[in-house]
Amino acid sequence: MYCLLTDRKATWSNKQRLTERRGIISCNENRSRDRKKNSQLVLADFHKKIKEAFEVFDHESNNTVDVREIGTIIRSLGCCPSEGEIHDLLAEVEEEEPTGYIRYEKFLPVMTKVLQERRYRPIPEDVLLGAFEVLDSAKRGFLTKEELVKYMTEEGEPFSQEEMEEMLSAAIDPGSNSVNYKEYITMMVIDEN
């Protein structure tokens, strides 16, 4: 009798474990399905954003944009690549015989991968502040227009004249002819949410 009871307990225990395992497997399958569904939603959202950004510059409505607009498109999607990184990306999407235009079909998969991998993320606010503070050796909280122009055109990856003018128009306080860099950083930091 004891053996029979023990066997029944063992059988009951095995059934219970099997049921628990099935429940765990079912739960894991549901989680996996949910993750896949969420992943598909994120991917669809990326495609929608890329298409919308691309269409702004597709003036001919023929699924092509001028190669010179790609940096602006990428930045409008919340990415902050350097000019060198833009050139690398262009090498991936340009036709073998460069035409001066980028086709949407070639741009979409490359840009989707960039967004999925979270490449070209913006520099954090505290790092930007630290960089400005290094340039502001007198610790005044601002840089003059002349100082800023000197640093941005002579140091590191120099700004083009057009980039410099664009930055100055946004950064310079006309009253003081200087940049209060804490205010400027607040204005230019991208909200990632």
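Atom CD1 of Ile73 sits about 5.5 Å away from atom CZ of Phe54, to the nearest 0.5 Å. In this structure, Ser178 OG and Leu143 CG are separated by 8.5 Å, a value rounded to the nearest 0.5 Å. Atom CD in Glu92 sits 11.0 Å away from atom CD1 in Ile102 (nearest 0.5 Å). Taking CG of Asn62 as the start and CZ of Arg103 as the end, the distance is 11.0 Å to the nearest 0.5 Å. If you take CG on Leu135 and CE on Met152, they are separated by 6.0 Å, rounding to the nearest 0.5 Å. Distance CD/Glu155 to NZ/Lys150: 5.5 Å, rounded to 0.5 Å.
Applying the ring pair (Phe, Tyr, Trp, His ring centres under 6.0 Å) criterion to Tyr184, with sequence neighbours excluded, gives no partner residue. Not a single salt bridge (Lys or Arg N to Asp or Glu O under 4.0 Å) links Asp173 to another residue, sequence neighbours left out. Applying the salt bridge (Lys or Arg N to Asp or Glu O under 4.0 Å) test to Glu183 and every residue at least two apart in sequence or in another chain returns nothing. Scored by the side chain to side chain donor-acceptor pair (under 3.5 Å) test, Glu52 finds no partners at all (sequence neighbours excluded). By the side chain to side chain donor-acceptor pair (under 3.5 Å) test, Glu154 is found to be paired with no residue, residues two or more places apart in sequence or in another chain being considered. Residues meeting the side-chain contact (heavy atoms from CB on, under 4.5 Å) test with Ser82, sequence neighbours left out: Glu85, Glu157. In this structure Arg140 satisfies the salt bridge (Lys or Arg N to Asp or Glu O under 4.0 Å) test together with Asp136, Glu147, sequence neighbours excluded. Asn63 pairs by the side-chain contact (heavy atoms from CB on, under 4.5 Å) definition with Lys51, Asp58, Tyr104, Glu105, not counting sequence neighbours. Every side chain to side chain donor-acceptor pair (under 3.5 Å) that Lys49 has, sequence neighbours left out, goes to Asp45.
Between Cys79 and Arg121, the shortest heavy-atom contact is SG-NH1, 4.3 Å. What you find for Gly71 and Ile86 is that their closest heavy atoms are CA-CD1, 3.6 Å. Nearest heavy atoms, Gly156 versus Pro158: O-CD, 3.0 Å.
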For a quick test of your reading: what N or O donor-acceptor pairs under 3.5 Å do the side chains of residues 108-116 make, sequence neighbours left out?
unit_1 : atom_1 : unit_2 : atom_2 : d
Thr112 : OG1    : His47  : NE2    : 3.3
Thr112 : OG1    : Leu108 : O      : 2.7

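Heavy-atom contacts from other residues, nucleotides or ligands closer than 6.0 Å to OH of Tyr101 number 12 or fewer. The number of heavy-atom neighbours closer than 6.0 Å to CD of Glu146, taken from other residues, nucleotides and ligands shown, is above 12.
Residues Asn177 and Thr144 fail the side-chain proximity criterion, which asks for heavy atoms closer than 4.5 Å. Side-chain contact between Gln161 and Thr153 is absent, with no heavy-atom pair separated by less than 4.5 Å.
Placement of Phe159 and Leu128 within a single hydrophobic cluster is found when ILVMFWY residues are connected by side-chain heavy-atom separations under 4.5 Å, directly or transitively. Connection of Ile74 to Met167 is not established within any shared hydrophobic cluster, with ILVMFWY side chains joined at heavy-atom distances below 4.5 Å, either directly or through further cluster members. Met187 and Ile123 fall within a single hydrophobic cluster, where Ile, Leu, Val, Met, Phe, Trp and Tyr side chains are chained together by heavy-atom contacts under 4.5 Å.
Salt bridge Glu69/Arg75: absent, no basic N to carboxylate O contact under 4.0 Å.
Sorted by first and then second residue, the pairs that involve residues 128-152 and meet ring pair (Phe, Tyr, Trp, His ring centres under 6.0 Å), not counting sequence neighbours, are Phe132-Tyr181. Each salt bridge (charged side-chain N to carboxylate O under 4.0 Å, His left out) pair with one or both residues in residues 161-170, not counting sequence neighbours, would appear here, but there are none.
With Phe107 as reference, Ile70 is the one residue of Ile70, Leu90, Thr64 to meet the side chain to side chain contact (heavy atoms under 4.5 Å, CB included) rule.
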